[in-house]
Amino acid sequence: TSATLGADASAKYIEDGAGTDSALSISTTRVGIGTDAPAARCEINTGGDGWDSTNPALYVENLDGSNTQGNVLLLKGGAADSGTYIFKALDHGGNTDFVIDGAGNVGIGAAPTAAKLEVHGGGYQTSLIIKGSGGDSGVRFIDSGDSTDGYIYAAGDAIGFLDSGANWVVKAQNDTSVELLVTDST
């Protein structure tokens, strides 16, 4: 089948070979792919056309792996406040999966309300997983002057807090002991 190029008073369009669906519709202010009535400046509507994770509706790729050509996608929002969003991903039911709001806050599972990063949903074992590349992992806390304040640290069967010099301050050892340490000694 072949495509048909057409136009009317308000839009230009390309129909599919059957003449039933708009493959591309361009009006004065909107572009539609798979729809002739886009609901936003640009809408891609797969219409349940068999799209899946191996065949997404939008695929952006930069094949140049050099450091100077690494940019692939830039999203620039309007107002720099938490009442707007730069990026929002919803599941099929309309529930929020991921949000970056105008203030730079990130929400996973819901829009962020009170912090730079909020994770909603999951139990204590699944809300946040930090996986190190070796036998240890942790979170480092840095103040606005770029000085390390301390760490939450896990190594082997121990977990606890380290001071700014990476010395144990509180150390729990696999349900056998809990130590409060000063200058990395008891």
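We count residues from 1, following the sequence as given. Only this structure's heavy atoms are used, side chains among them; waters, hydrogens and symmetry mates stay out.
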| query | Between Ile129 and Ile108, is there a shared hydrophobic cluster once you connect ILVMFWY residues whose side-chain heavy atoms come closer than 4.5 Å? | reply | no
| request: Just jot down the side-chain contact (heavy atoms from CB on, under 4.5 Å) partners of Asn174, sequence neighbours excluded, or say none. | output: Asp157
| What residues, two or more places apart in sequence or in another chain, satisfy ring pair (Phe, Tyr, Trp, His ring centres under 6.0 Å) together with Phe161? | none
| remark: Taking every heavy atom of Val31 against every heavy atom of Pro38, the minimum-distance pair comes out as O-CB, 3.6 Å
| field | Pairs meeting criterion side-chain hydrogen bond (donor to acceptor under 3.5 Å, both in side chains) with involvement of residues 117-133, two or more places apart | value | Thr113-Glu118, Glu118-His120
| query | Which pair of non-hydrogen atoms, one from Pro112 and one from Asp101, has the smallest distance, and what is that distance? | reply | CG-OD2, 3.6 Å
| field | Considering all heavy atoms, the nearest Ser137-Ile130 contact | value | OG-O, 3.8 Å
| request: Verify the cluster assignment for Ile152 and Leu128: are they in a single hydrophobic cluster under the rule of side-chain heavy atoms below 4.5 Å apart? | output: yes
| message | Tell me whether Arg30 contacts the main-chain N or O of Cys42 through its side chain, where contact means a donor paired with an acceptor under 3.5 Å. | response | no
| said: Determine whether Lys171 and Leu181 satisfy the following criterion, side-chain contact (heavy atoms from CB on, under 4.5 Å), listing intermediate values before the conclusion. | reply: CA-CA 8 Å; Lys171 181 179 181 182; Leu181 301 135; 4.0 Å; yes
| task | List the steps, then state whether side-chain contact (heavy atoms from CB on, under 4.5 Å) holds for Trp168 with Asp163. | result | CA-CA 7 Å; Trp168 286 105; Asp163 63 17; over 6 Å; no
| message | Taking Leu117 as the starting point, is it possible to reach Phe87 by hopping between hydrophobic residues whose side chains are less than 4.5 Å apart? | response | yes
| note | Across all chains, not counting sequence neighbours, the side-chain contact (heavy atoms from CB on, under 4.5 Å) partners of Ala37 are Thr35
| request: Any chance you could measure Lys88, atom NZ, to Asp97, atom CG, to the nearest 0.5 Å? | output: 10.5 Å
| said: Let's go through Val106 and Phe98 carefully: what are the C-alpha distance in whole Å and the side-chain angles of both, what is the deciding distance for side-chain contact (heavy atoms from CB on, under 4.5 Å) to 0.1 Å, and is it a yes or a no? | reply: CA-CA 7 Å; Val106 175; Phe98 184 81; 3.7 Å; yes
| Smallest separation among heavy atoms of Thr96 and Val99, with atom names | CG2-CG2, 3.3 Å
| Glu43 vs Ile33, side-chain contact (heavy atoms from CB on, under 4.5 Å): CA-CA, chis, key distance, verdict | CA-CA 6 Å; Glu43 178 182 346; Ile33 299 172; over 6 Å; no
| task | Name all residues meeting the side-chain contact (heavy atoms from CB on, under 4.5 Å) criterion together with Thr148; count only those two or more places apart in sequence or in a different chain, and write none if there are none. | result | Arg140, Ile142, Tyr151
| said: The criterion is side-chain contact (heavy atoms from CB on, under 4.5 Å); which residues satisfy it with Asp143, sequence neighbours excluded? | reply: Ser147, Asp149
| Does one hydrophobic cluster hold both Leu90 and Ile86, with members joined at side-chain heavy-atom distances below 4.5 Å? | no
